[in-house]
Novice: 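Got a structure for you, written out below as structure tokens; questions coming shortly.
FYI, the numbering just counts along the sequence from 1.
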Amino acid sequence: MAQLIDGKQISAQVLQEVASEVESIRAEHDIVPTLAVVLVGEDPASQVYVRNKVKRATEAGVGSIEHRLDADTTQDALNELIDSLNNDPGVHGILVQLPLPPQLDEDEVIASIHPDKDVDGFHPLNVGALASGRPSLVPCTPQGCMIMLRQVHPDLSGKNAVVVGRSNIVGKPMAALLLQANCTVTIAHSRTKNIEAVCRNADIVVAAVGRAKFIDADWITPGATVIDVGINAIDVDGKRKLVGDVDFESVAQVAGAITPVPGGVGPMTIACLLLNTTRAARHQLS
């Protein structure tokens, strides 16, 4: 049976680091690192995510400001709010919860956030910095995945890693971080031929495709480390159940280490968001 990589436990350690850094910044500058969260509309999943983020921020001592906007908010109104947050020295990080209602341009919104306050790590300048190996604010989910991987492999150099999924939010930045750690990296996706064979050659598989139980034990070489980024709601005997992109029950019999869903990558994403907020604050105050 695979070693369980416990995201709740590891995220608690990260949040302790965040709380310590908050106290250091407060002592040095008499300032509390503060995150502004913008939620447009009433998407139920987004509301849950925002509530959890604000709760963890409070627990870690990070300041939080919520801006809840109507679903019919215009692009101009949202841009005006972001501009005001960009220019507010009391706000160190800005998070606009995605997805946005269809009348709003997500790319325009992401690009309008000042790169120094872009705690999601999605701004084109931060994306470019990551791709070229320069310091930047790194997307939270891949950052959390790397912290979890290092619990199992302190030295990732030379490992063969396969990232299943090529999204801008997870797949591409995950590949960039693995490359920086001296892994040999393959990005697999819906057009990849013999994708099962590609994954079977991997020491590390990161699953981020958004398809429930897509990867089963036949895809995994014995002893490999599996990071499951997916979170999918399925119906089991009339009840809603959250599962990952990996068939946990079968893969856990083969893998050397695996993250659960829920309780794996999810808590790490929120912890890294707050870690980015303290890093952003430190950079702005330097």
Side-chain angles (χ1 to χ4, degrees), residues 6-39 49-67 81-82 84-98 110 112-130 133-151 169-170 173-174 176-177 180-181 264-286:
D6 189 340
K8 291 182 179 178
Q9 180 181 6
I10 301 169
S11 68
Q13 296 169 5
V14 174
L15 289 171
Q16 285 181 348
E17 295 175 22
V18 170
S20 177
E21 177 67 349
V22 168
E23 284 305 310
S24 294
I25 292 172
R26 189 201 301 267
E28 294 170 27
H29 300 279
D30 195 27
I31 283 173
V32 176
T34 297
L35 171 67
V37 180
V38 179
L39 177 61
Y49 292 149
V50 168
R51 186 163 63 245
N52 287 338
K53 288 167 182 173
V54 171
K55 180 181 179 183
R56 294 290 176 264
T58 301
E59 291 171 355
V62 174
S64 63
I65 302 168
E66 288 185 72
H67 293 272
L81 172 60
I82 293 172
S84 70
L85 296 173
N86 282 335
N87 291 301
D88 185 345
V91 171
H92 305 98
I94 301 170
L95 166 72
V96 178
Q97 182 66 45
L98 304 178
I110 290 168
S112 70
I113 298 171
H114 194 289
D116 289 348
K117 297 189 178 187
D118 168 40
V119 287
D120 260 336
F122 295 161
H123 191 282
L125 288 179
N126 284 326
V127 172
L130 174 60
R134 290 183 286 115
S136 66
L137 289 168
V138 176
C140 305
T141 297
Q143 186 180 166
C145 291
M146 291 299 293
I147 293 172
M148 299 175 91
L149 276 173
R150 292 189 186 280
Q151 297 287 312
I169 293 174
V170 179
M174 187 76 229
L177 288 171
Q180 286 184 15
V265 175
M268 292 300 298
T269 297
I270 295 177
C272 289
L273 171 72
L274 301 177
L275 187 61
N276 275 354
T277 302
T278 60
R279 288 172 174 169
R282 179 68 76 179
H283 176 71
Q284 290 163 43
L285 293 166
S286 63

Novice: Kindly compute the distance separating CG (L273) from OG1 (T278), expressed to the nearest 0.5 Å.
Specialist: 10.0 Å
Novice: To the closest 0.5 Å, what do you measure between CD1 (I10) and CZ (R150)?
Specialist: 13.0 Å
Novice: What pairs meet the salt bridge (Lys or Arg N to Asp or Glu O under 4.0 Å) rule with one or both residues in residues 18-29, with sequence neighbours excluded?
Specialist: E21-R282, E23-R26, E28-R282
Novice: Check S136 against A129 and note the closest heavy-atom contact, atom names and distance.
Specialist: CB-CB, 3.5 Å
Novice: Is there a donor-acceptor contact under 3.5 Å from the side chain of S20 to the main chain of Q16?
Specialist: no
Novice: Working note: H67 + L85, criterion side-chain contact (heavy atoms from CB on, under 4.5 Å); need CA distance, chi angles, decisive distance, verdict.
Specialist: CA-CA 11 Å; H67 293 272; L85 296 173; 3.8 Å; yes
Novice: Starting from the C-alpha separation in whole Å, work towards a yes-or-no answer on side-chain contact (heavy atoms from CB on, under 4.5 Å) for H92 and I31.
Specialist: CA-CA 10 Å; H92 305 98; I31 283 173; 3.5 Å; yes
Novice: If you compare all heavy atoms of D88 against all heavy atoms of K117, which two are closest, and at what distance to 0.1 Å?
Specialist: O-NZ, 2.8 Å
Novice: What distance do T269 atom OG1 and I169 atom CD1 have between them, rounded to the nearest 0.5 Å?
Specialist: 10.5 Å
Novice: What's the verdict on side-chain contact (heavy atoms from CB on, under 4.5 Å) for E66 and L39, showing C-alpha distance, side-chain angles and the deciding distance?
Specialist: CA-CA 8 Å; E66 288 185 72; L39 177 61; over 6 Å; no
Novice: Of the non-hydrogen atoms in G61 and V32, which two are nearest, and what is the gap between them?
Specialist: O-CG1, 3.4 Å
Novice: Working to the nearest 0.5 angstrom, can you tell me the gap between E59 CD and L15 CG?
Specialist: 7.5 Å
Novice: Counting neighbours of CG on N87 that are heavy atoms of other residues, nucleotides or ligands and sit closer than 6.0 Å, is the number greater than 12?
Specialist: yes
Novice: Is the shortest side-chain heavy-atom distance between L130 and P139 below 4.5 Å?
Specialist: yes
Novice: Does some side-chain heavy atom of M146 sit less than 4.5 Å from a side-chain heavy atom of Q180?
Specialist: no
Novice: Less than 4.5 Å apart, side chain to side chain, heavy atoms only: is that true for L149 and M174?
Specialist: yes
Novice: Do Q143 and N276 pass the side-chain contact (heavy atoms from CB on, under 4.5 Å) test, and can you show the C-alpha distance, the side-chain angles, and the key distance before you say yes or no?
Specialist: CA-CA 10 Å; Q143 186 180 166; N276 275 354; 3.2 Å; yes
Novice: For V22 and A60, work out which heavy atoms get closest and say how close.
Specialist: CG2-O, 3.9 Å
Novice: Quick one: does I94's side chain get under 4.5 Å of H114's, heavy atoms only?
Specialist: no
Novice: Of all heavy-atom pairs between P267 and K8, which one has the smallest distance, and what is that distance?
Specialist: CG-CG, 4.1 Å
Novice: Identify which one of T277, I113, D118, D120 satisfies the side chain to side chain contact (heavy atoms under 4.5 Å, CB included) criterion when paired with L95.
Specialist: D120
Novice: Do you know the tightest heavy-atom contact between L98 and F122?
Specialist: CD1-CE1, 4.3 Å
Novice: Can you tell me how far apart OG (S286) and NE2 (H29) are? Round to the nearest 0.5 Å.
Specialist: 8.0 Å
Novice: If you measure from CZ on R279 to CG on L274, what distance do you get to the nearest 0.5 Å?
Specialist: 11.5 Å
